Amino acid sequence: MNASPRRKELTRLAAQLFVQEGFDRTTVRMLAQEMGIKSGSLFHHFKDKQEILAAVIEEGTQNALSIAKAALKQCEDDPEARLHAMARAHLETLFADRNAHVVALFEWRRLDAASRAHLSHLRDAYEELWVEVIDEALAVGLIHGDRFFVSRFILGALNWTVRWHDPAGPRTPDDLADELVAMITAR
């Protein structure tokens, strides 16, 4: 879907409010107030609150997928470099579009069945990039373990950084990616 600049701005503001209040506690009135519009005007842009949540998650997931694909395209066929590129891309996505990703991480279960079905292909495509990179690292003995557990541990560690890392602090996303790769490839 090609969203208008206004709809994108409304989606960004909704993501911010969903992070602050949680999806369930966020009312249409709160959204309209945050967006600087009347409650009824909100429905000119979105059918309902569920569509707003889906728009937030879709935009964040498409952004993550684009950044990851670009990072891998710039990377040589070295499994360690590809692992680092994916970790760095994931962190870049989290810190550049923090609210959309926090919403995607913590409010996915709030999507209705139709929205989950519509958005699952994006999430699956992103996870497939990780599986490919992890499989390459496993195949050359760079990392060890069960693919499912390794991928969940890596993504869990990366996702949790939104809770403790200060993007304005001294450690850059590259530093964090370096640390993660060093920890999981330690022999």
Side-chain angles (χ1 to χ4, degrees), residues 1 3 5-23 25-26 31 34-35 52-76 78-111 119-134 137 143 150-186:
M1 168 177 49
R6 179 66 173 149
R7 183 178 163 106
K8 283 183 178 254
E9 176 62 13
L10 297 176
T11 300
R12 186 190 64 75
L13 292 169
Q16 185 177 330
L17 194 56
F18 289 155
V19 168
Q20 291 169 357
E21 301 295 329
F23 177 75
R25 289 187 307 278
T26 301
L31 286 163
E34 181 75 19
M35 296 171 181
I52 298 169
L53 176 63
V56 167
I57 292 174
E58 182 171 20
E59 190 169 309
T61 308
Q62 283 178 334
N63 188 38
L65 194 53
S66 295
I67 289 172
K69 284 180 177 179
L72 290 175
K73 195 177 276 191
Q74 297 293 319
C75 202
E76 64 270 14
D78 173 25
E80 187 169 353
R82 290 173 56 80
L83 190 59
H84 184 274
M86 279 300 289
R88 173 64 179 88
H90 194 88
L91 290 165
E92 179 184 336
T93 303
L94 284 172
F95 300 140
D97 198 10
R98 190 177 199 114
N99 290 330
H101 283 280
V102 170
V103 171
L105 290 170
F106 298 106
E107 302 292 357
W108 177 269
R109 67 188 184 286
R110 300 290 184 232
L111 286 170
L119 296 174
S120 288
H121 74 282
L122 288 173
R123 184 191 61 194
D124 293 349
Y126 183 74
E127 288 184 5
E128 186 55 38
L129 290 177
W130 270 106
V131 166
E132 180 182 306
V133 168
I134 288 168
I143 58 177
V150 169
S151 66
R152 292 302 178 250
F153 284 131
I154 291 171
L155 288 171
L158 290 169
N159 289 338
W160 197 251
T161 61
V162 299
R163 297 290 193 194
W164 59 264
H165 180 258
D166 177 8
R171 306 289 307 261
T172 68
D174 268 332
D175 294 336
L176 296 178
D178 288 344
E179 285 291 329
L180 174 75
V181 171
M183 282 187 282
I184 65 174
T185 60

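Note that the coordinates shown come from a computational prediction; the quantities given were computed from them, not determined experimentally.
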Any residue meeting side chain to side chain contact (heavy atoms under 4.5 Å, CB included) with A157, in chain and number order, not counting sequence neighbours = L180
Quick one: does M35's side chain get under 4.5 Å of L31's, heavy atoms only?
-> yes
If you look at every heavy atom in L119 and A54, which pair is closest and at what distance?
-> CD1-O, 3.7 Å
How many angstroms lie between CG in L65 and CZ in R123, if you round to the nearest 0.5 Å?
-> 13.0 Å
Between T161 and L158, the two heavy atoms sitting closest are OG1-O, 2.6 Å
Reported CE-to-CD1 distance for the pair M183 and I154, which is rounded to 0.5 angstrom = 10.5 Å
When rounded to the nearest 0.5 angstrom, what is the spacing between NZ in K69 and CD in Q74?
-> 15.0 Å
If you look only at distance, which donor and acceptor atoms sit under 3.5 Å apart when one is on a side chain in residues 99-109 and the other is two or more places apart or in another chain?
{"residue": "H101", "atom": "NE2", "partner": "G60", "partner atom": "O", "Å": "3.0"}
{"residue": "E107", "atom": "OE2", "partner": "F23", "partner atom": "N", "Å": "3.2"}
{"residue": "R109", "atom": "NH1", "partner": "F106", "partner atom": "O", "Å": "2.3"}

Anything under 3.5 Å between a donor and an acceptor, one on a side chain of residues 87-95, the other on a protein residue two or more places apart or in another chain? List them.
{"residue": "R88", "atom": "NE", "partner": "D174", "partner atom": "OD1", "Å": "3.1"}
{"residue": "H90", "atom": "ND1", "partner": "Y126", "partner atom": "OH", "Å": "2.5"}
{"residue": "H90", "atom": "NE2", "partner": "N159", "partner atom": "OD1", "Å": "2.5"}
{"residue": "T93", "atom": "OG1", "partner": "A89", "partner atom": "O", "Å": "2.8"}

Salt bridge (Lys or Arg N to Asp or Glu O under 4.0 Å): pairs with one or both residues in residues 151-173, sequence neighbours excluded | E127-R152, R171-E179
Are V133 and L129 side-chain neighbours, meaning at least one heavy-atom pair lies under 4.5 Å?
-> no
Measure the CG-CG distance between L122 and N63 for me, rounded to the nearest 0.5 Å.
-> 11.5 Å
Roughly how far apart are T185 OG1 and E80 CD, rounded to 0.5 Å?
-> 5.0 Å
Any side-chain heavy atom of L83 sitting closer than 4.5 Å to one from I184?
-> yes
Under the side chain to side chain donor-acceptor pair (under 3.5 Å) test, which residues partner S120, sequence neighbours left out?
-> none
In chain order, what residues pass the side chain to side chain donor-acceptor pair (under 3.5 Å) check against R12, with sequence neighbours excluded?
-> E9
Of all residues at least two apart in sequence or in a different chain, which pass the side chain to side chain donor-acceptor pair (under 3.5 Å) check with R82?
-> E132, E136
All side chain to side chain donor-acceptor pair (under 3.5 Å) counterparts of E34, not counting sequence neighbours | none
